[in-house]
Amino acid sequence: MTYDVGALRAEIPALQSGVAHFDGPGGTQTPARVAAAIADALTGPLSIRGRLTPGEVNAENLVQGFRRAVADLVGGDPSGVVFGRSATQLTYDVARTLAKDWAPGDEVVVSRLDHDANIRPWIQAAERAGARVRWADFDPQTGELPPSAVGDLLTDRTRLVAVTAASNLLGTVPDVAGIARLVHRYPGALLHVDGVHYAAHAFVDQPGLGADLFVCSPYKFLGPHHGVLTASPELLERLRPDKLLPSADTVPERFELGTLPYELLAGTIAAIDVLAGLAGDGPGGRRDRLRTAFAAIERHEGALRERLEAGLAGLPGVTPRSRAAERTPTLLLTFEGRTSADASVFLAARGVHAPAGSFYAVEASRHLGLGDTGGLRVGLSPYNDANDVDRLLEGLEAFLRS
């Protein structure tokens, strides 16, 4: 298929401002269709879920449509799709729930490559249960986290392994399927995968990844601000989260506290449909069209990344920290004798938004020797084009001369 970045850009009102956005890893800009779906849900008849009145029917249809859309996105079961306020909230919830069955001597494995949302909830849950925390380290020179870095830590007491499918700081894409095969050699060990950054750039195959639990955030892929957790309904049936007495005890409802924000569900359906629509009107259902669309997105973003890296190679004093063989189009840059914060401010004045920091991946930033300061994160998104990349390179060249 031909990837029409101009057509996608025309759907996103925020891009009319003229700003070149490289802040997608922190949240993408929103297509008008997504905003319209949110407005339509709010302004149509809307009530508590049911099958009696038009408002009840609309609410029920939005919930079921949301679950089907997310299941198509990740290759899962609609009955295993859980809404949450954020991936952080969902991870805390499932960590507290799983830890009810942990005991002193049990073990949890976390990775220094991860966002803190896939580290701290597990550490805190382990501490309360008296379980031991073991750390998997990535190579700071390459950014790689090989399966052996996790596998060497596994024992018969391992209860949970938490790992990212893609680093939000460096873009590193570990071999999650390889890690999963090692984890699942141990009965009772579960693999929790942070797919927040990954789902924005790659076609997700949760069964293929071997992830027992997978979280992502629609606002990273053109949707509204909330999180999603997906798992097999059979696994969710085994978990007993805290809930109100009269609230539903069915799966996945037992994990969703209070009335769902139906308008956000509508926005997420629309965002997934926008992504699937990038495949055009080809054959197959939404899952098939998402497969085709993400293949095109990867080619488009990969070409832009090559253009960017070629330009960076000609700029003295710039150190790219993103070096893994498999990675998303996300680069972390540092500057000789200059701060990344100053670079971000300079670029912003030129209409180029590339933020600086550690972006909650504080363990990764420290492991790289960058402390809590991090670097300049340049994140490509499906709507970036060659002109954006050239403006960024021109801005960095001017910054280095200034």
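Since the structure is predicted, the reported quantities are computational estimates derived from the model, not experimental observations.
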Distance from [X] atom [atom1] to [Y] atom [atom2], nearest 0.5 Å?
X      : Y      : atom1 : atom2 : answer
Glu107 : Arg132 : CD    : CZ    : 5.0 Å
Phe221 : Thr268 : CZ    : OG1   : 6.5 Å
Asp194 : Ser217 : CG    : OG    : 8.0 Å
Leu264 : Arg85  : CG    : CZ    : 11.5 Å
Asp175 : Glu326 : CG    : CD    : 9.5 Å
Arg323 : Asp139 : CZ    : CG    : 9.5 Å

Compare every heavy atom of [Y] with every heavy atom of [X], then report the nearest pair and how far apart it is.
X      : Y      : value
Asn168 : His197 : CA-CG, 3.8 Å
Gly143 : Phe138 : CA-CD1, 3.9 Å
Glu309 : Leu331 : CG-CD2, 3.8 Å
Ser111 : Ile119 : O-CD1, 3.3 Å
Leu169 : Gly357 : CD1-O, 4.1 Å
Ala136 : Ala149 : CB-O, 3.6 Å

**OP:** Under the side-chain contact (heavy atoms from CB on, under 4.5 Å) rule, what do Thr30 and Tyr219 come out as? Steps first, then yes or no, please.
**Re:** CA-CA 8 Å; Thr30 308; Tyr219 73 98; over 6 Å; no
Subject >> Identified side chain to side chain donor-acceptor pair (under 3.5 Å) partner of Asn61 from the options Arg51, Arg49, Glu56 >> reply: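 Testing each of Arg51, Arg49, Glu56 against Asn61, the sole residue satisfying side chain to side chain donor-acceptor pair (under 3.5 Å) is Arg51.
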Would a distance-only check, ignoring hydrogens and angles, find a side-chain to backbone donor-acceptor pair under 3.5 Å from [X] to [Y]?
X      : Y      : result
Tyr383 : Leu15  : no
Thr330 : Leu170 : no
Arg185 : Gly151 : no
Lys220 : Pro25  : yes
His184 : Ala180 : yes
Thr28  : Leu222 : yes
Arg134 : Val109 : no
Arg159 : Asp106 : no
Asp212 : Leu191 : yes
Arg68  : Ile269 : no

**OP:** Just do the salt bridge (Lys or Arg N to Asp or Glu O under 4.0 Å) check on Glu298 and Arg305 with the steps written out, would you?
**Re:** CA-CA 10 Å; Glu298 289 191 62; Arg305 193 191 83 185; over 6 Å; no
Whether the [X] and [Y] side chains hold a donor-acceptor pair (N or O, under 3.5 Å, no angle test) is what I'd like checked.
X      : Y      : answer
Ser86  : Gln89  : no
Tyr92  : Gln124 : yes
His21  : Ser381 : no
Arg338 : Ser402 : yes

**OP:** Please test Arg350 against Glu397 for salt bridge (Lys or Arg N to Asp or Glu O under 4.0 Å), starting from the C-alpha separation and ending with a verdict.
**Re:** CA-CA 12 Å; Arg350 300 172 69 97; Glu397 184 177 13; over 6 Å; no
Subject >> Criterion side-chain contact (heavy atoms from CB on, under 4.5 Å) on Asn118 and Val110, from CA distance to verdict >> reply: CA-CA 8 Å; Asn118 203 29; Val110 295; over 6 Å; no
Indicate yes or no: at least one non-hydrogen side-chain atom of [X] is less than 4.5 angstrom from one of [Y].
X      : Y      : answer
Gln29  : Glu11  : no
Val389 : Asn384 : no
Leu275 : Phe294 : yes
Val163 : Val183 : no
Arg112 : Arg366 : no
Glu253 : Leu260 : no

**OP:** In sequence, state the C-alpha distance, the side-chain angles, and the governing distance for Phe255 and Asp93, and then conclude on side-chain contact (heavy atoms from CB on, under 4.5 Å).
**Re:** CA-CA 8 Å; Phe255 297 90; Asp93 286 351; over 6 Å; no
**OP:** Apply the test salt bridge (Lys or Arg N to Asp or Glu O under 4.0 Å) to residues Arg120 and Glu127: give CA-CA distance (whole Å), side-chain angles for both, the deciding distance (0.1 Å), then the verdict.
**Re:** CA-CA 10 Å; Arg120 218 55 51 184; Glu127 288 174 346; over 6 Å; no
**OP:** Take Glu256 and Arg67 through the test salt bridge (Lys or Arg N to Asp or Glu O under 4.0 Å) and record every step on the way to the result.
**Re:** CA-CA 13 Å; Glu256 296 169 334; Arg67 299 203 202 284; 2.9 Å; yes
**OP:** Give a yes or no on this: more than 12 heavy atoms of other residues, nucleotides or ligands lie within 6.0 Å of atom CG of Asp156.
**Re:**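 Result for CG/Asp156: open.
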Original post:
Which is it for Leu98 and Leu213 under the side-chain contact (heavy atoms from CB on, under 4.5 Å) test, yes or no, and what are the steps along the way?
Top reply: CA-CA 12 Å; Leu98 287 171; Leu213 300 146; 4.1 Å; yes
Original post:
In terms of the angle between their ring planes, are Phe335 and Phe399 parallel, tilted or perpendicular, with boundaries placed at 30° and 60°?
Top reply: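 Ring orientation of Phe335 relative to Phe399: perpendicular.
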Original post:
Between Arg391, Arg307, Arg9, which is the residue that forms a salt bridge (charged side-chain N to carboxylate O under 4.0 Å, His left out) with Asp385?
Top reply: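 One option only clears the test, and that one is Arg9.
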